[in-house]
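All values below were derived from every heavy atom in this structure, side-chain atoms included, with hydrogens, water molecules and symmetry-related copies excluded.
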Amino acid sequence: MDANIVGEKQDRIGIVVTDTLENTHNIEVNTETGEIEYHTADAYPEPSKRTNKEDDVFSQTRRFARWHVYREKGYDTVPASENPDRIAGVLLAILDLDQAEFEEYFGTLCRQVGSRDLPDVEPPLDLPQEVYNEQFIVYHQHVYLNQDLETIQQEIRQAGSEVLTEQTIQELVATDSQNFFSKASSLLSDRSLTDLTIEGVSGVHTRYFEDTNEDRIIESSDPFDRDPDTCIELFPTELTPEFYGLYIVNNLICQIRDCYIGMGVEPPAQYRILGPGKDKYTGKYYHFDFYPNYFDHEAEIPGYSPPIPMQLDQYL
C-alpha cells in the first residue's frame, strides 16, 4: 500500500491510495468520525461482481486510508478495535503487571479458557452445557486504559520503542515452563515499563457457533459505556496456569499483526508471530487461500516465528 494526502477541508481529508494490486483509489476520510465519505476505484467492478480477493483488497484500502490519516495528521480515524497502537498500549500495561494484578484482571478469563480441556479446572462461567458441545468457541474480554489516545501514542513512541522490540518479543514468547511474569520482570530488568495503566476490564463474553453459519454471543458486564482499547480473544486451550500470561500477550501481538495485514501492510518485524489473534481474521486466513495461515503455529511463513504450541484446529 502507498498513499498521498491530496487535500484537506473542514472535516474531510482527500487521499489517493495505491493498493497491493497496483490499482488507484480516490478516498475522502471524515476526520471527526473516521467514516469513508467518498471512494472510487475504476479498476473494480460493483461489489456483487468482485472476487473474494478483490473485495478484500478494496476493504484493506479503506482501512489503510484511515490509518494513513491517523498517522500523518493525528486524527482519531481508526476504529479502536483496529488500531494497533491501542493494542500495543494494552500490551505494555499488561507487561507491567505482577502476578497478583494479572490474576485480578484476567483470572476468570484464563480459568474459563483452560476449563474445557483440563479436568481439574472448574469453569468459572455459568454457561449452558450445550455451548461446550459446539465446535467453535472464543472468549472475549474488553480492556480499558486510564489514558487517552494521545498519551497512548506517546508511550508507544517512548516506552514501546525500548520494550516492544523484535529481540524482546522473541524472548518473551519463547516456550518454557517458567512463570511468565517472573520471566518478563527479569528480562525487562525489574523496572516499570510505562505510565499506561488499566482502568478496568469487562466480564468474559462467550462467542460460539450454534451451527455452521450462525454465531451467538453470551454477553457479560462492561464497566464503561465506550469502546475498549482492546478486546482479548482466546480460544479454549489445554495450557496450564504458568502459560496464561504468555497466551494473552501472544494473542495481543498477533492482533497487532492482524491489524497491519488487514490494511494490506506487512507488520513490523517484532509482530511477525504466528498464532491466533483477532478471530475474524483467523476465519479469513482459514477460508481464503490468498492468505497464509498466520493463525497456525506450525505454518511455514518466511520471516514469521512460532509461539507457544496450541491445538486449535478443532475450534476452527
Participant: Short question: side chain of Ser202, backbone of Asp222 - any donor-acceptor pair under 3.5 Å?
Facilitator: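 Judged by distance alone, no pair lies under 3.5 Å.
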Participant: Set out, in order, the CA-CA distance, both residues' side-chain angles and the distance that settles side-chain hydrogen bond (donor to acceptor under 3.5 Å, both in side chains) for Asp296 and Tyr286, then state yes or no.
Facilitator: CA-CA 9 Å; Asp296 183 358; Tyr286 189 78; over 6 Å; no
Participant: Taking it one step at a time, do Thr194 and Asp96 satisfy side-chain hydrogen bond (donor to acceptor under 3.5 Å, both in side chains)?
Facilitator: CA-CA 7 Å; Thr194 178; Asp96 219 24; over 6 Å; no
Participant: How long is the straight-line distance from OG1 of Thr20 back to CG of Asp2, given to the nearest 0.5 Å?
Facilitator: 12.0 Å
Participant: In this structure, which one of Gln170, His297, Arg272 forms a side chain to side chain donor-acceptor pair (under 3.5 Å) with Ser305?
Facilitator: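 Between Ser305 and the candidates, side chain to side chain donor-acceptor pair (under 3.5 Å) is satisfied uniquely by Gln170.
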Participant: Not counting sequence neighbours, list each pair that qualifies as a side-chain hydrogen bond (donor to acceptor under 3.5 Å, both in side chains) and has a residue in residues 252-264.
Facilitator: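 Found Asn251-Gln255, Gln255-Lys278, Asp258-Tyr285.
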Participant: Anything under 30° is parallel, anything over 60° is perpendicular, the rest tilted; go ahead and classify Tyr304 against Tyr294.
Facilitator: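 Plane angle between 30° and 60°, so tilted.
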Participant: Does Tyr144 share a hydrophobic cluster with Leu95, counting links as ILVMFWY side-chain heavy atoms below 4.5 Å and allowing steps through other members?
Facilitator: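 No, separate clusters.
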Participant: For residues 225-237, pull every pair meeting salt bridge (charged side-chain N to carboxylate O under 4.0 Å, His left out), keeping only residues two or more places apart or in separate chains.
Facilitator: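 Only Arg86-Asp229, Glu199-Arg226 qualify under salt bridge (charged side-chain N to carboxylate O under 4.0 Å, His left out).
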Participant: Using 30° and 60° as the class boundaries, would you call the ring planes of Phe288 and Phe290 parallel, tilted or perpendicular?
Facilitator: parallel
Participant: Kindly state each residue pair satisfying ring-ring contact (aromatic ring centres under 6.0 Å, His included) with at least one member in residues 5-29, sequence neighbours excluded.
Facilitator: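 Residue pairs with at least one partner in residues 5-29: His25-His39, His25-Tyr44, His25-Phe58.
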Participant: side-chain contact (heavy atoms from CB on, under 4.5 Å), that's the test. Do Asp215 and Tyr208 meet it? Break it down for me.
Facilitator: CA-CA 5 Å; Asp215 67 320; Tyr208 67 100; over 6 Å; no
Participant: Decide yes or no for Ile261 and Val265: does some side-chain heavy atom of the first lie under 4.5 Å from some side-chain heavy atom of the second?
Facilitator: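 Side-chain contact under 4.5 Å: no.
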Participant: Under 4.0 Å between a side-chain nitrogen and a carboxylate oxygen: does that hold for Arg66 and Glu35?
Facilitator: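 Here Arg66 does not pair with Glu35 in a salt bridge, since their nearest N and O are not under 4.0 Å apart.
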